[in-house]
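Here is the structure we will look at.
Note that ligands are numbered from 1 as they come in the structure, with each ligand's atoms numbered from 1 the same way.
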Amino acid sequence: MASYNIFLLPGDGIGPEVTAEVEKVAKVVSDAGLAKFEFEKGLVGGSAYDAHGLAISEADMARAQAADAVLLAAVGGPKWANVPYDVRPEAGLLRLRKDLGLFANLRPALCYPALAEASSLKRELVEGLDIMIVRELTGGVYFGEPKEITNLPNGQKRAVDTQVYETYEIERIAAVAFEMARKRRNKVTSSEKHNVMKSGLLWKEVVTDVHKKSYADVQLEHMLADALGMQLVRWPKQFDVIVTDNLFGDMLSDVASMLTGSLGMLPSASLGEADANGKRKAMYEPVHGSAPDIAGKGIANPIAMIGSFGMALRYSFGLIEAADLIEKAISDVLAQGLRTADIKGQAASSISTSAMGDAIANALKKAI
Ligand code: IPM
Ligand code: MG
């Protein structure tokens, strides 16, 4: 039986609560004899800062580099609002993405039928929704230099962030999006702001070239990022795969998450370049944050975190059937009417984080 080393980074806030539920689901998969998982735990974000004054230690970076996959929950919280910028909780997350070369962030937005009521949009707009946002994750304004605040002679300050993309960065993320579309409904919507940004102009040009050269069989459309934000809430089912830069992808994936009922539902995968054996560095994390307001109460929704483990099975370990079964277990549990507080909607009551984890693990046990 194959054995995989998973580096767990529970992080801050609700992180430790939701990662505990992943271990239950992983145990069902290994009890079924499909694979063995060795979990190693580290610190990232505020918890790492409290332990050693850094957003992630060098030792934990080395463990992340060596792991078959990293599973991270969430970082940040008001407790660390005033720590120095370089060691703020988010710096740990960004360093992992950058140093592991995780340029391709896959953020599926799937509306489970049982949750159509929980969305802020009308049922007919979101029921059956299945879109994939492919967000560039190691470039753009997140990492561009200069990035600074300087003092001006007149006593004012000047802040600069730099939005920068090179051809190869756009080529490789476009290729991921087109490959993805071929396995889905064969349509890619590429989004930028070429009407005001040079980086948008290059983005559009390069995506068009990649399409023409290697993916002419896939339907390609270009949409300005503001218009795409509007279309996402007007008629989201028009989209299949959306490919966009780091910042627009950040915003648009939060918008897309509300279509599915709750931010607590969305998993994500961040993948690096394939090596000679086809193996990619990978990190899996829910799209939601550390939700400090509900941390420690045992009411957080573990579905995005469990779904992220499912994505690890799919994209890192080749356990496609098990990944499908995890998605089905989530869908079944929702269809039975079980809800955490964030997706309660009209339901009479809600269940705890650990009860939701147990229910999904049990549903999986029956199916696997
Ligand atoms: C996300 C988050 C992060 C981002 C934050 C925590 C730095 O919002 O993963 O979407 O902006 O990328
Ligand atoms: Mg975000």
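Under 4.0 Å from ligand 1, not a single heavy atom of M251 appears. Contacts between N246 and ligand 1 below 4.0 angstrom, taking non-hydrogen atoms only, are absent altogether.
The nearest heavy-atom contact from the protein to atom 11 (O) of ligand 1 is Y142 OH, 2.5 Å. Of the protein's heavy atoms, D250 OD1, 3.2 Å lies nearest to atom 8 (O) of ligand 1.
Put simply, part of L93 is less than 4.0 Å from ligand 1, judged by heavy atoms.
Residue contacts with ligand 1: E285 is placed with no nitrogen or oxygen under 3.5 Å of a nitrogen or oxygen of the ligand (distance criterion only).
Below 30°, between 30° and 60°, or above 60°: for Y165 and W203 the angle between ring planes is above 60°, a perpendicular geometry.
Using modelled atom types, one finds no donor on one side chain facing an acceptor on the other under 3.5 Å when comparing D68 with N5. Remark: the Y284 side chain and the S316 side chain contain an N/O donor-acceptor pair separated by less than 3.5 Å.
D250 contributes OD1 as its N, O or S atom closest to the Mg ion (ligand 2).
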>> Working note: N105 + V134, criterion side chain to side chain contact (heavy atoms under 4.5 Å, CB included); need CA distance, chi angles, decisive distance, verdict.
In response: CA-CA 6 Å; N105 184 212; V134 177; over 6 Å; no

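Residue nearest to atom 1 (C) of ligand 1, selected from H288, E90, R88, R107: R107 (by heavy-atom distance).
To the nearest 0.5 angstrom, E136 atom CD is 11.5 Å from L247 atom CG.
Side-chain rings of F37 and F309 approach one another, their centers coming within less than 6.0 Å.
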